[in-house]
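The structure presented is a predicted model; accordingly, all values stated were derived computationally and were not measured. Numbering of ligands and ligand atoms starts at 1, following listing order.
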Amino acid sequence: MINDFEKYCNMTILSPICDQLVELSNQAFSVNNGNIPKWEQAIADIQQIQPGKATFKHPYVCIDTQVDIENLTQSLKQLMPWRKGPYQIGNLALESEWRGDMKWDRIKDHIKPLAGKSVLDVGSGNGYFTYLMAMQGAEIAVGIEPFLLFNYQFQAIRTLISQPLKAYVLPLKLEQMPEGSSFDSVFSMGVLYHQKDHMLHLKQLMDVMTDNGELILETLIIDQQYGDQIIPQDRYARMRNVWCLPSTDTLHTWLQTAGFKNIKLVDVTKTTPEEQRATHWIGDNTQSIKDFLDPNDDNLTIEGLPAPKRAVFICQK
Ligand SMILES: C[S@@+](CC[C@H](N)C(=O)[O-])C[C@H]1O[C@@H](n2cnc3c(N)ncnc32)[C@H](O)[C@@H]1O
């Protein structure tokens, strides 16, 4: 996959940073992780399947092929948990924990067209959105995702596609992106609240954008009635690594302070059990949003904080 990336990347506007991206990715893939043989075997098994054309058939990234459902399920389950999706491969519906299409529907009509653009999807998970970005005609859509398993999930899906889309996922963090990165559209979705230093994340996003580039920022927020921001003392909706939940006014100020222009709030949506659900594709730990909320009040998390609500801001460099 990295070879394919290198070949194609060098033909795009990203050519000045390709070598660095390839080197950093190879380093990340060469870590000692005891799961890698299992994941590689799963991909080798999936390679036996005849690949097919990929399209978006709402809500699925859909691959038109014929599969033995039992065998493919077994291979894909070696790569659990499948958080992002959903995917349809032949007759097999891979129902991920998240209905990514619902987020995409809230965003897609507000962004500048991606056709011909270089696009960065920060914290891409297994690349569900990166595929959708490529399907919009991006010149190149690069997902960066430090969690290795999700990179293997991306490869598993890519193996099944006959004419690979111009979508790639690399095992990198935003802070590793080379100087001189220049993306026309940068997506940071579900990533800001995981950052200890939110202003640094916003600055790093700006650093990888072209002049006049567009940022699409999606993150957890709180209603103003709860104050300007909440810093969870312990967990938030059972998640350990949530550092800050701003109000939309506070987030607007952060974006302004970071130097972004034309800042627009385009959506605020409460996360529902329709969008985040427990499925058999997330493994033994089958808890999902309904287990993270107060059983007597779904406006509160199990820790007594406001229940998850997400905002989408769009702005320019
Ligand atoms: C909650 S998931 C969101 C996935 C997807 N973007 C979405 O909106 O559904 C956040 C992802 O960001 C990744 N991540 C966290 N910090 C990151 C960083 N500094 N750079 C790139 N990815 C990061 C995590 O590994 C995780 O897969």
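Legend: residues meeting ring-ring contact (aromatic ring centres under 6.0 Å, His included) with Phe183, ordered by chain and number and at least two apart, are absent. Listed by chain and number, the residues in a side-chain hydrogen bond (donor to acceptor under 3.5 Å, both in side chains) with Ser247 are Gln224, Thr250 (sequence neighbours excluded).
Contact between Phe129 and ligand 1 is present, with at least one heavy atom of the residue lying under 4.0 Å from the ligand. Residue contacts with ligand 1 include Phe150, since one or more of its heavy atoms lies under 4.0 Å from the ligand. For the ligand labelled ligand 1, residue Trp104 lies outside the 4.0 Å heavy-atom shell.
Of the protein's non-hydrogen atoms, the one nearest atom 9 (O) of ligand 1 is Lys84 NZ, 3.1 Å. In terms of protein heavy-atom proximity, atom 19 (N) of ligand 1 is closest to Glu175 OE1, 3.0 Å. The protein non-hydrogen atom at the shortest distance from atom 26 (C) of ligand 1 is Glu145 OE1, 3.5 Å. Atom 8 (O) of ligand 1 has as its closest protein heavy atom Lys103 NZ, 2.5 Å. Of all protein heavy atoms, the one closest to atom 4 (C) of ligand 1 is Gly123 O, 3.3 Å. With hydrogens left out, the protein atom closest to atom 20 (N) of ligand 1 is Leu174 N, 3.0 Å, a heavy atom. If you check which protein heavy atom lies closest to atom 2 (S) of ligand 1, you get Gly190 O, 3.8 Å.
Of the heavy atoms in Tyr128, none comes closer than 4.0 Å to ligand 1.
Note: Tyr8 and Tyr168 have parallel aromatic rings, judged against thresholds of 30 and 60 degrees for the angle between ring planes. Taking the six-membered ring for Trp and thresholds of 30 and 60 degrees, His252 and Phe313 have ring planes more than 60 degrees apart, a perpendicular arrangement.
Near Lys173, the atoms of ligand 1 lying under 4.0 angstrom from a non-hydrogen atom of the residue are 20 (N), 21 (C). Those atoms of ligand 1 with a heavy atom of Tyr193 less than 4.0 angstrom away are 1 (C).
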side-chain contact (heavy atoms from CB on, under 4.5 Å) between Glu218 and Ser188, intermediate numbers included: CA-CA 6 Å; Glu218 192 256 9; Ser188 166; over 6 Å; no

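Here the options are Thr248, Asn299, Asp223, the test is side chain to side chain donor-acceptor pair (under 3.5 Å), and the partner is Lys309; only Asp223 passes.
Ion pairing between a basic and an acidic side chain is recognised when a charged N comes within 4.0 Å of a carboxylate O; Lys53 and Asp64 show no such pairing. Taking the charged nitrogens against the carboxylate oxygens, Arg310 and Glu275 have no contact shorter than 4.0 Å, which rules out a salt bridge. In this structure, Arg83 pairs ionically with Glu97, as a charged nitrogen and a carboxylate oxygen lie closer than 4.0 Å.
Aromatic pair Phe187/Phe129: centroids not less than 6.0 angstrom apart.
Considering backbone and side-chain atoms alike, Gln195 places an N or O below 3.5 Å from some N or O of ligand 1. Considering backbone and side-chain N/O atoms, Met189 comes within less than 3.5 Å of an N/O atom of ligand 1.
Nearest-heavy-atom check against atom 23 (C) of ligand 1 across Gly100, Pro146, Gly127, Gly125 picks out Pro146.
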